[in-house]
2 protein chains.
Amino acid sequence: MSGIKYEKIYEDLKMKIEQNVYHYQQFLPSENTLVKKYGCSRNTLRRAIGNLVDDGYVQTKQGKGVRVIYQDFGKNEYMFGETETFKEFAIRNHKKHRTEVIVFEELVVDQNLHEHTRFPMGVEVYHLKRVRYLEGNPVIMDYNYFRKDIAKGLTLEIAEDSIYEFLDRELDQRAVTAKRKMVVERTNEMDDKYLNLDGFNSVVVVTSHVFNANGVMFEYTISRHTPSNFVFFDQTQRK
Amino acid sequence: MSGIKYEKIYEDLKMKIEQNVYHYQQFLPSENTLVKKYGCSRNTLRRAIGNLVDDGYVQTKQGKGVRVIYQDFGKNEYMFGETETFKEFAIRNHKKHRTEVIVFEELVVDQNLHEHTRFPMGVEVYHLKRVRYLEGNPVIMDYNYFRKDIAKGLTLEIAEDSIYEFLDRELDQRAVTAKRKMVVERTNEMDDKYLNLDGFNSVVVVTSHVFNANGVMFEYTISRHTPSNFVFFDQTQRK
DNA sequence: TGGTATTTGTCCGTATGTATC
DNA sequence: GGATACATACGGACAAATACC
């Protein structure tokens with residue numbers, strides 16, 4: 001019976017909210033009550049509640065209590081965003097998926113590449129261009145740059161499956177921090193050639209810088225999504 | 001000399017990181033060192049650092065330390081996202097801004113409106129259609145629904161300036177939690193009529209449900225952005 | 001290889017402040 | 001004013017990962 005206490009409390013409360021034990025607009029029992037119920041300290045309980053706040057499940061108000069603001073908005077069938085990978089996304093939504101590798105090469109970072117990737121000059125990288133298919137439809141063009149010293153042994157076959165599973169399984173690397181920027185751009189020749197744009201003359205361009213647990217930026221990726229398959233969710237607090 | 005201690009430590013560290021006192025890839029001094037420096041408890045310091053992690057400034061690793069991963073990516077001139085309002089955004093970027101109100105009316109929530117806004121049936125709401133201009137260019141079409149009992153006294157003149165300033169100043173209401181969904185859609189007749197689409201045949205549609213500090217969902221808004229003026233940033237951690 | 005010190009992660013108990021009712 | 005509830009802050013204990021000798 002190990003595991004992190006605040007995580008368990010968080011999961012239990014979240015489950016109870018999703019299952020309407022605590023319903024929309026209702027107050028949770030007070031901190032002191034929950035402290036007794038879970039047999040934990042107030043700090044630990046507050047940590048669990050803090051995570052629920054971050055996830056948009058509850059709102060706290062001093063002197064009043066902790067109110068549930070979670071509403072079930074349906075399936076969230078499409079959900080790019082978070083740190084989910086393409087394969088995880090496809091499987092979660094029971095979609096057939098496939099990845100076609102167009103380019104697989106090794107490069108050395110020069111001045112030009114340095115400026116838009118932020119990789120140090122002279123570093124060796126794998127460069128890939130990939131087309132991602134969902135239910136037979138080409139929906140994403142990926143341009144990936146991985147540091148060779150970190151993604152050592154990457155092959156074309158791996159790139160057709162899941163690079164992240166490989167990094168995680170073989171090299172004990174995993175993405176820890178991702179910084180992303182999203183814009184919408186007019187399509188280019190490659191988009192027109194490879195993607196099923198469904199009448200759109202634009203794509204959603206997600207640019208990511210990804211850091212591993214050692215603080216090394218090891219991935220720079222540009223993903224060009226067909227608009228019809230792109231959805232992003234987010235929640236923010238401000239006080 | 002009041003103010004919240006962990007916020008001050010957070011601000012101080014953030015400032016030092018932005019000004020390269022602690023530079024990219026460098027470790028911060030250890031928690032114990034910083035505890036002595038700031039004259040605070042370890043919990044308080046850790047809270048400040050936790051917020052820096054959430055903001056993508058640093059990464060922590062047990063047994064090693066706290067590493068700076070902040071890089072100055074330039075101006076971030078455009079930055080929809082966060083909870084910033086249109087007016088705040090315009091002022092921060094030194095852009096001339098103007099809002100034109102196309103429709104200002106009062107409605108009662110019926111079955112149809114209930115289903116996509118999630119407002120309770122029978123509630124009275126203000127309904128607005130507004131066009132937002134930046135440097136003379138129409139860049140956003142806003143469709144707002146505000147609960148009348150909460151945004152009491154809203155007028156067309158206020159809607160031309162800033163509804164949020166009004167809510168904050170006059171009614172002590174302010175947005176606390178916003179849940180948003182972003183998609184890209186083909187333009188409709190209104191977009192074509194009012195927006196300067198610059199060759200795009202799509203708009204970025206941001207749908208928001210906004211809760212005030214009392215946990216009441218008081219605003220439902222659909223914002224249709226011209227693609228050329230839309231940028232969204234985000235950072236995520238995963239362990 | 002192994003042991004020790006360092007560093008962050010988890011958890012506890014307590015005290016005090018502040019907002020709400 | 002008093003009771004209740006969340007917010008901030010302190011200090012201490014032990015665990016787990018890492019670094020160093």
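By convention in this document, chain letters (A, B, ...) are assigned in the order of the sequence lines, proteins followed by strands, and residues within each chain are numbered from 1.
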In whole angstrom, give the distance that lies between atom [atom1] of [X] and atom [atom2] of [N].
{"X": "A:N51", "N": "C:dG9", "atom1": "CG", "atom2": "P", "value": "14 Å"}
{"X": "A:R46", "N": "C:dT14", "atom1": "CZ", "atom2": "C1'", "value": "14 Å"}
{"X": "A:R47", "N": "D:dC6", "atom1": "CZ", "atom2": "P", "value": "19 Å"}
{"X": "B:Q59", "N": "C:dT7", "atom1": "CD", "atom2": "C1'", "value": "16 Å"}
{"X": "B:L45", "N": "C:dT7", "atom1": "CG", "atom2": "C1'", "value": "12 Å"}
{"X": "B:I4", "N": "D:dA9", "atom1": "CD1", "atom2": "P", "value": "7 Å"}
{"X": "A:F27", "N": "C:dT20", "atom1": "CZ", "atom2": "P", "value": "12 Å"}

Hey, could you give me the [atom1]/[atom2] distance between [X] and [Y], rounded to the nearest 0.5 Å?
{"X": "A:F146", "Y": "A:F119", "atom1": "CZ", "atom2": "CZ", "answer": "8.5 Å"}
{"X": "B:F211", "Y": "A:Q71", "atom1": "CZ", "atom2": "CD", "answer": "5.0 Å"}
{"X": "B:L113", "Y": "B:L107", "atom1": "CG", "atom2": "CG", "answer": "6.5 Å"}

For a quick test of reading the model: is some side-chain N or O of [X] closer than 4.0 Å to OP1 or OP2 of [N]?
{"X": "B:T60", "N": "C:dG9", "result": "yes"}
{"X": "A:K5", "N": "C:dG9", "result": "no"}
{"X": "B:Y6", "N": "D:dT8", "result": "yes"}

Can you pull out how bent the helix from C:dG2-D:dC21 to C:dC21-D:dG2 is, comparing the axes over its first five and last five pairs, to 10°?
-> 10°
Among residues two or more places apart or on two chains, list those pairs meeting salt bridge (charged side-chain N to carboxylate O under 4.0 Å, His left out) that have a residue in residues 34-43 of chain A.
-> A:E31-A:R42
Apply ring-ring contact (aromatic ring centres under 6.0 Å, His included) to B:Y10 and list each qualifying residue two or more places apart in sequence or on a separate chain.
-> none
Could I get the full list of ring-ring contact (aromatic ring centres under 6.0 Å, His included) partners for A:H127, not counting sequence neighbours?
-> A:Y145
Counting only non-hydrogen atoms, which of residues 28-38 of chain B are less than 4.0 Å from DNA chain C?
-> B:S30, B:E31
Any donor-acceptor N or O pair under 3.5 Å, side chains B:R67, B:Q25 = yes
[X]/[Y] ion pair, N-O < 4.0 Å:
{"X": "A:K129", "Y": "A:D142", "value": "no"}
{"X": "B:D12", "Y": "B:K16", "value": "yes"}
{"X": "B:E165", "Y": "B:K87", "value": "yes"}

Looking only at side-chain atoms of A:T44, point me to the closest of C:dC12, C:dT8, D:dA7.
-> C:dC12
Could you encode protein contacts along nucleotides 11-18 of chain D as a string, one character per nucleotide from 5' to 3', using B for base contact, S for sugar-phosphate-only contact and - for no contact, with a heavy-atom cut-off of under 4.0 Å?
-> B-B--BBS
Tightest non-hydrogen contact, residues B:I49 and B:V58, listed as O-CG2, 4.2 Å
Where is the tightest heavy-atom contact between A:A48 and A:Y6, given as atom of each residue plus distance?
-> CB-O, 3.5 Å
Looking for any heavy atom pair under 4.0 Å, which part of the strands does B:G50 touch: base, sugar-phosphate only, or nothing?
-> nothing
